[in-house]
Every structure is written in structure tokens, then in C-alpha cells.
Amino acid sequence: LAFGSAMSAQSRGPSASLGEATDLPSAQVAFDRSVQAQEARLQNERQHYPTLFRAAYQRYPSIPAGTLEAIAYAQTRWHHVQPTAEEVSQDHAHMPQGWGVMGLYDGKGFAEQVNEGAALIGKSPQQVKTDPWSNILAAAALLDRELRADKAISAASAARDPAAAAQALQRYAGFGD
């Protein structure tokens with residue numbers, strides 16, 4: 001999306017604004033405005049996440065720094081996803097919908113991350129689905145559980161060396177034993 005916006009900005013020249021665009025079809029101008037609005041909405045949504053991630057690391061110091069942010073980016077691009085009932089019921093290439101900024105799965109053949117994470121932090125599954133802090137905390141609790149289950153590494157070594165946490169990350173994602 002940003003590529004189309006950047007390309008159209010180049011075609012207008014550096015001083016042209018969307019309102020001044022006379023050489024672009026109105027559909028392109030509308031698209032560019034839509035992209036800008038989405039980017040502004042996401043920037044506003046994401047502004048609190050670094051604070052939430054830091055708080056999760058304080059609560060679960062065994063998690064290597066940057067891990068939660070990386071998972072969130074890979075799963076949702078740091079967007080607190082809230083699938084509709086229709087989206088949840090649809091078959092998306094045999095993949096369940098993820099919930100929240102961490103993209104936690106609610107079963108359907110995959111890990112029960114929402115329910116298990118909710119139980120670990122003492123919240124309801126609905127809170128984990130709808131509240132960004134509960135969602136990040138549930139993911140952190142799930143990952144911490146997997147790190148603690150791996151007797152071969154200590155929490156301190158996992159925090160210092162992300163590669164040492166690879167098996168725990170695989171289990172968190174639903175792979176491995």
C-alpha cells in the first residue's frame with residue numbers, strides 16, 4: 001500500500017499535495033487518502049505498544065528483549081486484530097484467525113493460545129481477545145511457560161541469547177514437543 005502511495009507522490013512531484021493532483025485519476029487520489037488515513041490510524045494505535053511490551057518484559061524477564069515485538073510484527077504487523085464472526089467462520093487457507101496484537105490463536109486445530117494465555121494471567125478469554133495489554137501479557141505468559149519448561153536453558157541465558165530460546169519459541173508457535 002505504501003509503495004503505491006510513494007509512487008503516486010513521485011509522479012506528482014515533491015511539491016504537489018493530494019489536493020493539487022491534477023494528473024492523477026480521482027481513484028488514485030482516493031486510494032492515496034485512504035492509505036494515509038490507515039497509516040495515521042495504525043500509528044495512533046501502535047503508540048502505546050512499546051510501553052506495554054516493556055511492562056511484559058518486566059513481568060517475564062526470561063523472555064529475550066525484542067521477542068514479543070517480533071512475534072507481534074510477524075503475526076499482525078502490530079495491529080490489534082479483531083476478526084468478525086464471519087471472518088472467524090471462514091476458511092482462510094486452513095488457518096484460524098489470530099486475535100489481538102499478538103495474533104493469538106483460539107484453537108480450531110491450532111494451539112489454544114487465547115484460552116491458555118487467559119488462564120495463565122487470570123483474565124477471561126474475551127479480555128485477551130479485546131484488550132491489547134491482556135493480549136500481550138497472555139502471549140508473554142505463554143512464552144515464559146515454554147521457556148521455563150525447557151530445562152536445558154536457564155531464564156538468564158534465554159534472555160541473553162535469543163537462539164537459546166528457539167525450541168521454546170517453536171513450542172509457543174505450536175511446533176515441536
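Starting from 1, each residue takes its place in the sequence as its number. Note that these values count all heavy atoms, side chains included, but never hydrogens, waters or copies made by symmetry.
A 4.5 Å side-chain heavy-atom check between Val128 and Asn115 finds every atom pair outside the cut-off. Between Leu137 and Leu52, the closest side-chain pair of non-hydrogen atoms is not below 4.5 Å. Counting heavy atoms from C-beta outward, Gln170 and Glu146 have side chains that stay 4.5 Å or more apart.
Taken from NE2 in His80 to CG in Asp131, the straight-line distance is 6.5 Å, to the nearest 0.5 Å. A distance of 5.5 Å separates CG of Leu143 from CD1 of Ile71, quoted to the nearest 0.5 Å. In this structure, OH on Tyr60 lies 9.0 Å from CG on Leu142, to the nearest 0.5 angstrom. The distance from the CD atom of Glu112 to the CG atom of Asp106 is 5.5 Å, given to the nearest 0.5 Å. We find the OG-CD distance between Ser134 and Gln126 to be 11.0 Å, quoted to the nearest 0.5 Å.
Cation-pi geometry between Arg33 and Phe31 is not met at under 6.0 angstrom from the ring centre and within 45 degrees of the axis.
When all heavy atoms of Gly100 and Thr76 are compared, the pair lying nearest together is O-CG2, 3.3 Å. Considering all non-hydrogen atoms of both residues, Ala140 and Ala56 come closest at CB-CB, 4.1 Å. The two residues Tyr105 and Gln97 come nearest to each other via the heavy atoms CD2-O, 3.9 Å. Heavy atoms only, all atoms of each residue included: Leu104 and Ala139 are closest at CD2-CB, 3.9 Å. When all heavy atoms of Ala141 and Ile121 are compared, the pair lying nearest together is CB-CG2, 3.7 Å. Among all heavy-atom pairs drawn from Leu147 and Ala168, the shortest one is CD2-CB, 3.6 Å.
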* Would Gln82 and Thr130 satisfy side chain to side chain contact (heavy atoms under 4.5 Å, CB included), going step by step from the backbone distance to the final call? -> CA-CA 7 Å; Gln82 299 290 288; Thr130 59; 3.5 Å; yes

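In this structure, a donor-acceptor pair under 3.5 Å is present between the side chains of Glu69 and Tyr57. A donor-acceptor contact closer than 3.5 angstrom links the side chains of Gln28 and Asp32.
At least one donor-acceptor pair closer than 3.5 Å links the side chain of Asn135 to the backbone N or O of Val101. The main-chain N or O of Tyr172 is found under 3.5 Å from a side-chain atom of Gln113 such that the two form a donor-acceptor pair. The main-chain N or O of Ser124 is found under 3.5 Å from a side-chain atom of Gln127 such that the two form a donor-acceptor pair.
With respect to Thr51, the side-chain hydrogen bond (donor to acceptor under 3.5 Å, both in side chains) criterion is satisfied by exactly one of His48, Arg54, Gln47: Arg54.
For Phe53 and Trp133, the ring centers sit 6.0 Å or farther from each other.
Using a 4.5 Å cut-off between side-chain heavy atoms of Ile, Leu, Val, Met, Phe, Trp and Tyr, with links allowed through other members, Tyr49 and Val81 fall into different hydrophobic clusters.
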